[in-house]
Amino acid sequence: IWSEKLWYILYIRFILEMYIKKILNKVIDEFNNEPPDIDSTGNFEGQKNYLNIMKKSYFITLKNCLKFLPNKNSNICELGAFLGIVSKSLKYLGHNVIACDIPYFFDRDEIKDYFARSSIKSLSFNLRKYEIPISNDSQDLVIACEILEHLNFNPLPIVKEINRILKLGGLFYIATPNAASFVKKN
C-alpha cells in the first residue's frame, strides 16, 4: 500500500511540475514575442539572455511557492518582480498577484500596461522608505527573490512591513543568488 501511495504522490508531483513548466514557457514565449522595455535601454537581447539564465530559478521559485499555497486565488506580492515572469506565471496559475519593483523599472506607462494586460496590479516604490503600499493582513505569500543582496541599508524594517501585509499564517519566500552553485560556474 505504501508503495502505491508513494507512486501516486510522485506521479502527481511530476504532473504538477510539467504544468508549471508549461505555464513558465508560455510566459517566457509571450515575453520574447513582445518584450517590454523594462529597464528603458532598448536592450531586448539582454533581457532575453537574462531570462535564459534565470529560467531554472523561476521554475524552482514557482515549484516551491506552489507547495505551500492553500489553493488558487491566493493573494501574492512579488517584491523585485523586474521582468514579471514569476508574477505572470502565478497569475496564469490562478492567483491574484501584485508585481512590485523600484520606480526606475515600474513607474512607466509601458510597464503598467504590460502587467495590466495580464490583470496584474503593478506597484512602484522604493524599499528604502520602509513602506510597502499594500493593505494590512492582505497577502497569503510575499516573494522576494534576489533582492536582499541589493539592499545597502538595514532590511529589518522591511521584514516588519512584510509581516504587516501578510495574513495570519501567510508565508515569506526569500531566495538569494548562490555564486558558488554549479550552474553559475558553467
Side chains of Asn96 and Lys121: is there a donor and an acceptor less than 3.5 Å apart? no
Within-4.5 Å side-chain heavy-atom neighbours: Leu148 and Ile174: yes
Is any side-chain heavy atom of Leu66 less than 4.5 Å from a side-chain heavy atom of Leu90? yes
According to a hydrophobic-cluster definition based on side-chain heavy atoms being under 4.5 Å apart (Ile, Leu, Val, Met, Phe, Trp, Tyr only), do Phe82 and Leu123 belong together? no
Which is it for Val142 and Leu79 under the side chain to side chain contact (heavy atoms under 4.5 Å, CB included) test, yes or no, and what are the steps along the way? CA-CA 7 Å; Val142 174; Leu79 300 173; 3.9 Å; yes
Nearest 0.5 Å, what's the CZ-OG distance between Phe68 and Ser74? 13.0 Å
After noting the C-alpha distance and the side-chain angles of Tyr50 and Lys55, does the key distance pass the side chain to side chain contact (heavy atoms under 4.5 Å, CB included) rule? CA-CA 8 Å; Tyr50 181 78; Lys55 186 175 181 178; over 6 Å; no
Any side-chain heavy atom of Leu69 sitting closer than 4.5 Å to one from Ile76? yes
Using a 6.0 Å cut-off, check whether atom NZ of Lys112 has over 12 heavy atoms from anything other than its own residue. yes
Do Phe115 and Pro36 have side chains that get closer than 4.5 Å, going by heavy atoms? no
Is it the case that atom CD in Glu149 sees more than 12 heavy atoms from other parts of the structure closer than 6.0 Å? yes
Can you find a heavy atom in the side chain of Ile111 that is under 4.5 Å from one in the side chain of Ile38? yes
Can you check whether Lys63 reaches Glu17 side chain to side chain, under 4.5 Å on heavy atoms? yes
Say whether, by atom type as modelled, one donor and one acceptor occur between the side chain of Thr41 and the main chain of Asn43 under 3.5 angstrom. yes
same_hphob_cluster(Ile143, Ile98) at 4.5 Å side-chain heavy-atom cutoff: no
Where do Glu146 and Thr176 land on the side chain to side chain contact (heavy atoms under 4.5 Å, CB included) test, with the steps shown first? CA-CA 5 Å; Glu146 304 196 17; Thr176 57; 5.8 Å; no
Between SG of Cys77 and CD1 of Ile165, what distance do you get to the nearest 0.5 Å? 4.5 Å
Are Leu83 and Phe105 joined in one hydrophobic group, where the rule is that I, L, V, M, F, W and Y side chains link up if heavy atoms are under 4.5 Å apart? yes
Reported NZ-to-OG distance for the pair Lys88 and Ser119, which is rounded to 0.5 angstrom: 10.5 Å
Over 12 foreign heavy atoms within 6.0 Å of NZ, Lys22: no
Can a donor-acceptor pair be found, under 3.5 Å and without considering hydrogens, that links the side chain of Asn163 to the backbone of Val159? no
Rounding to 0.5 Å, atoms CD1 (Ile20) and CG (Leu62) come to a distance of 6.5 Å
Minimum heavy-atom separation for Gly80 and Ile147, please, with both atom names. CA-CG2, 3.6 Å
Applying the 4.5 Å side-chain criterion to the ILVMFWY set and letting contacts propagate, would Phe44 and Ile53 be lumped into a single cluster? no
Stepwise side chain to side chain contact (heavy atoms under 4.5 Å, CB included) test for Ser124 and Ile102: CA-CA 5 Å; Ser124 66; Ile102 59 175; over 6 Å; no
Assigning hydrophobic clusters by single linkage (Ile, Leu, Val, Met, Phe, Trp, Tyr; side-chain heavy-atom cutoff under 4.5 Å), is Leu93 placed with Val27? yes
In Å and rounded to the nearest 0.5 Å, what is the CG to CD distance from Asp37 to Gln47? 6.0 Å
Are Leu51 and Tyr58 packed together at the side-chain level, in the sense that at least one heavy-atom pair is separated by less than 4.5 angstrom? yes
Flag, side chain of Asp140 to backbone of Asn75, donor-acceptor distance under 3.5 Å: yes
For the pair Asp101 (side chain) and Phe106 (backbone), establish whether a donor and an acceptor sit closer than 3.5 Å, ignoring hydrogens and angles. no
Do Lys160 and Arg164 have side chains that approach each other closer than 4.5 Å (heavy atoms only, starting at C-beta)? no
So is Lys48 actually on top of Phe31's ring, under 6.0 Å and inside 45° of the axis? no
Acceptor/donor pairs from residues 125-134 side chains to any protein atom, 3.5 angstrom cut, sequence neighbours excluded:
residue, atom, partner, partner atom, Å
Asn126, OD1, Arg128, N, 2.9
Arg128, NH2, Asn152, OD1, 2.5
Tyr130, OH, Asn154, O, 3.3

Please check if any side-chain donor atom of Glu78 sits under 3.5 Å from a side-chain acceptor atom of Tyr173, or the reverse. no
Is it the case that atom CZ in Phe153 sees more than 12 heavy atoms from other parts of the structure closer than 6.0 Å? yes
Once you round to the nearest 0.5 Å, how far does CD of Glu30 lie from OG of Ser89? 9.0 Å
